[in-house]
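In what follows, chains carry the letters A, B, and so on, assigned in the order in which the sequence lines appear, proteins first and then strands, with residues in each chain numbered from 1. This structure is a prediction, so every number in the text was calculated from the model and none was measured.
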Number of protein chains: 2
Amino acid sequence: MSPKRSGPTPKVDPKTWVPVTIRDVAKVAHVSTGTVSNVLNRPDIVAESTRQRVLDAVESTGFIRNTQAYQLRGGRSHTVGVVVLDVSNPFFTEMFRGAESRLQSEGYVLMLGSTDDSIEREANFVRAMEEHRVEGVLITPVAADLVSLSGLKTRGVPTVLLDRKATADEFCSVTVDDVRGGELAARHLFETGHAEVVFVNGPTTIRQCRDRRQGVRKAVRAVAKAKKVEVTELSVGALTVRNGEEAVDRILAMSPRPTAVMCANDLLALGVLRGLAAHGVRVPDDLAVVGYDDLIFGSMLSPALTSVRQPALELGVAAAELLLDEVRNPDHRHREVRFEPELMVRASSFKSS
Amino acid sequence: MSPKRSGPTPKVDPKTWVPVTIRDVAKVAHVSTGTVSNVLNRPDIVAESTRQRVLDAVESTGFIRNTQAYQLRGGRSHTVGVVVLDVSNPFFTEMFRGAESRLQSEGYVLMLGSTDDSIEREANFVRAMEEHRVEGVLITPVAADLVSLSGLKTRGVPTVLLDRKATADEFCSVTVDDVRGGELAARHLFETGHAEVVFVNGPTTIRQCRDRRQGVRKAVRAVAKAKKVEVTELSVGALTVRNGEEAVDRILAMSPRPTAVMCANDLLALGVLRGLAAHGVRVPDDLAVVGYDDLIFGSMLSPALTSVRQPALELGVAAAELLLDEVRNPDHRHREVRFEPELMVRASSFKSS
DNA sequence: TGTGGTACTTGACACGTTTCAATAGGTAGA
DNA sequence: TCTACCTATTGAAACGTGTCAAGTACCACA
């Protein structure tokens with residue numbers, strides 16, 4: 001019943017599965033290995049009766065094609081590597097989902113790794129994926145420069161940067177216009193009558209924070225002629241709930257008292273909301289609050305949080321699309337697919353007066 | 001400069017990377033392929049000067065070992081497959097993180113796939129992973145029976161079930177005691193003085209829902225002698241925010257009016273909270289609310305949501321540990337690692353009176 | 001019976017690596 | 001000088017698959 005290996009039978013633990021090769025199948029079906037291979041890859045050129053016999057043999061032996069041998073012979077690996085900063089961040093998971101849904105339908109399997117902002121881990125992953133001969137890589141690079149990706153470039157591994165711009169001679173990329181997002185949020189506050197706004201921002205070593213700040217300034221300039229607005233920037237050490245909560249004291253101590261708070265991120269905004277609640281400050285009546293990222297729970301808070309949505313899923317799909325083009329299209333040109341953020345206006349910024 | 005392939009040079013697009021093999025390296029270093037292999041795998045047995053020469057050649061050619069060839073020759077794949085129901089569910093992402101952190105340090109790369117509850121997709125993933133000769137699989141099976149995993153079993157692929165029990169002769173598994181979790185939550189309500197409790201539960205086709213209900217009943221029986229308590233079960237179609245919100249009308253229509261609501265899941269609880277807020281019902285003063293899962297945002301709501309925490313990260317680590325044992329230890333025995341859920345008491349169930 | 005053609009099937013080779021028996025070159029002891 | 005032994009290196013075989021030139025069997029037709 002169970003297939004035996006040819007040659008001198010090695011001592012075999014009965015619990016151990018003896019790998020079934022195409023040769024074993026051939027033996028069972030009384031054909032050559034070439035015919036088995038044909039049945040598997042070009043079923044049309046083999047006679048009906050033979051084909052059936054081979055298929056039965058495949059079934060009865062439990063044969064499973066060895067991808068490494070297939071690949072070694074010249075086949076494709078049907079594998080794509082995805083390297084993100086942090087899998088547990090919903091933004092990245094959503095992006096992964098998007099890429100997965102697109103690539104899965106093309107028969108690819110995804111390898112996933114989190115770098116946790118470590119250059120070393122990133123290098124390890126990229127290395128491992130190159131060794132596995134992935135057909136492409138989707139990556140959120142850790143470092144500002146792209147030297148860590150030079151290997152991918154010189155070896156011609158199709159690569160798409162996620163949420164990170166690159167010049168056309170380097171890589172394809174999918175991005176969200178963070179400047180625009182910052183502008184949208186700020187403009188919204190100005191338009192709803194707020195003139196004294198606090199911008200709680202994270203460290204400017206993070207590109208997203210820099211860009212969003214730039215957007216805020218742009219909105220200020222745009223509105224400056226029509227009315228007088230004042231934006232004070234408050235810098236915090238990290239984009240976390242705690243940092244947002246801690247910022248509240250500084251916000252309430254400001255004079256003149258601001259009427260709105262814009263946060264570089266939803267977690268900060270959440271912290272701010274909690275801090276304000278603890279101080280008995282009503283939102284949005286006493287103080288309006290706007291976040292950024294539109295994390296899933298934002299819409300479930302009360303008051304629901306106004307936020308800037310980033311189309312993470314679409315980013316993932318687009319990245320997959322770019323990758324597929326680079327893999328298949330010989331005249332592929334690198335390009336950037338830029339997404340527009342969208343302001344989701346909810347109760348936290350709704351001026352009831 | 002750029003390495004050429006031996007034999008009749010095929011027409012090579014200059015943009016295309018010519019794969020560098022161990023043979024190319026050997027040629028550059030003026031040694032045999034065997035020596036290159038030795039430098040890579042057992043550096044100690046090759047002379048210092050030769051080793052250096054080979055390493056230089058590896059560097060200058062940009063050689064990257066071909067894993068498929070390595071593997072075909074008998075090496076390990078250093079790959080583990082992870083199949084979950086839904087990557088965007090935080091519970092699974094956390095679990096993935098746990099497994100990743102453990103397996104990464106052992107040099108494994110993870111392949112990830114979401115089945116979205118589709119048997120067919122599950123089969124495809126498992127198939128693909130077997131073809132890739134993963135060393136093991138971590139999986140949340142879709143179906144109640146385990147027939148879809150019989151292939152893994154007969155072929156001896158080390159497999160660990162996630163959040164799903166199996167008998168010892170089948171697979172290893174990591175689980176959370178949902179009965180206990182349900183019991184904890186219900187008991188907490190009884191102990192804080194609630195006698196009229198609504199249990200908003202999802203479809204009992206879901207094992208978790210069945211188990212949690214069983215826990216609730218257990219708590220009722222345990223407390224029955226000491227005092228009289230009444231638990232009414234309210235069944236909803238799915239574990240979503242919307243379903244929770246819709247359940248509120250039915251809750252408020254009940255007579256006698258319950259004093260506490262226990263939800264089978266945090267999303268339901270969130271919906272209930274929103275619905276109650278819309279009706280002007282105060283939490284916890286008019287009605288206490290308890291959830292399940294302890295999703296990250298629960299602690300950030302106001303009132304913060306009391307919930308049952310599942311140690312997802314630890315589950316992932318434990319699963320990885322079981323897998324490693326099965327891969328390495330010849331006397332491995334299947335076992336179940338069961339985790340205890342933990343009740344996180346917060347404001348939503350705190351009786352202020 | 002021979003010829004040509006069709007419809008399948010075969011078997012050896014290549015892919016890139018590791019392993020291992022064989023060999024070369026050197027050194028020390030007799 | 002011969003032998004024995006060690007160290008360092010070599011080269012061929014093997015892993016499981018797909019491809020393709022070559023082969024076989026069969027049939028129809030002259």
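Distance, A:Ile22 CD1 to D:dT19 C1': 12 Å, rounded to whole Å. Atoms CZ (B:Arg73) and P (C:dT17) sit 13 Å apart, rounded to a whole Å. In this structure, A:Asn66 places its CG atom 12 Å from P of D:dC15, rounding to the nearest Å. Summarising the geometry, the separation between CG on A:Leu40 and P on D:dG16 is reported as 15 Å, rounded to the nearest angstrom. Atom CD of A:Gln71 is separated from atom C1' of C:dA14 by 16 Å (rounded to the nearest Å). A straight line from CD of A:Gln68 to P of C:dT18 spans 14 Å, rounded to a whole angstrom. Rounded to an integer number of Å, the gap from B:Glu131 CD to D:dT17 P is 10 Å. The OH-C1' distance, from A:Tyr70 to C:dT17, rounds to 20 Å in whole Å.
For B:Leu149, the side chain to side chain contact (heavy atoms under 4.5 Å, CB included) partners two or more places apart in sequence, or in a different chain, are B:Ile139, B:Pro141, B:Leu146, B:Leu152, B:Leu161, B:Phe171. Among residues two or more places apart in sequence or in another chain, the side chain to side chain contact (heavy atoms under 4.5 Å, CB included) test is passed with A:Glu106 by A:Arg102, A:Tyr108, A:Leu324, A:Arg328.
For B:Asp116 against A:Arg97, the heavy-atom pair with the smallest separation is OD1-NH2, 2.9 Å.
Among residue pairs with one or both ends in residues 34-44 of chain A, none qualify as salt bridge (charged side-chain N to carboxylate O under 4.0 Å, His left out); sequence neighbours excluded.
When only modelled atom types and interatomic distance are considered, A:Gln68 and B:Thr67 share no side-chain donor-acceptor pair under 3.5 Å. Using a 3.5 Å distance cut-off with no hydrogens or angles, the side chains of A:Thr175 and A:Glu336 do pair a donor with an acceptor. A donor-acceptor pair shorter than 3.5 Å cannot be found between the side chains of A:Gln52 and A:Ser49.
Checked for salt-bridge contact, B:Lys153 and B:Asp169 miss the test: no charged N lies under 4.0 Å from a carboxylate O.
Taken residue by residue, residues 30-38 of chain A places heavy atoms nearer than 4.0 Å to DNA chain C at A:Val31, A:Ser32, A:Gly34, A:Thr35, A:Asn38. The stretch residues 41-53 of chain B comes close to DNA chain D through B:Val46, B:Ala47, B:Thr50, each having a heavy atom under 4.0 Å from the strand.
Between the CZ atom of B:Phe92 and the CG atom of B:Leu85 there is a distance of 4.0 Å, given to the nearest 0.5 Å.
Between the side chain of B:Asn89 and the main chain of B:Phe91, a donor-acceptor pair closer than 3.5 Å is present. B:Ser88 places no side-chain N or O within 3.5 Å of a backbone atom of A:Glu94 that could act as its donor or acceptor partner.
Axis angle across the helix from C:dT1-D:dA30 to C:dA30-D:dT1, with five pairs used at each end and values rounded to 10°: 70°.
Distances shorter than 4.0 Å separate some side-chain N or O of B:Arg65 from OP1 or OP2 on C:dT18.
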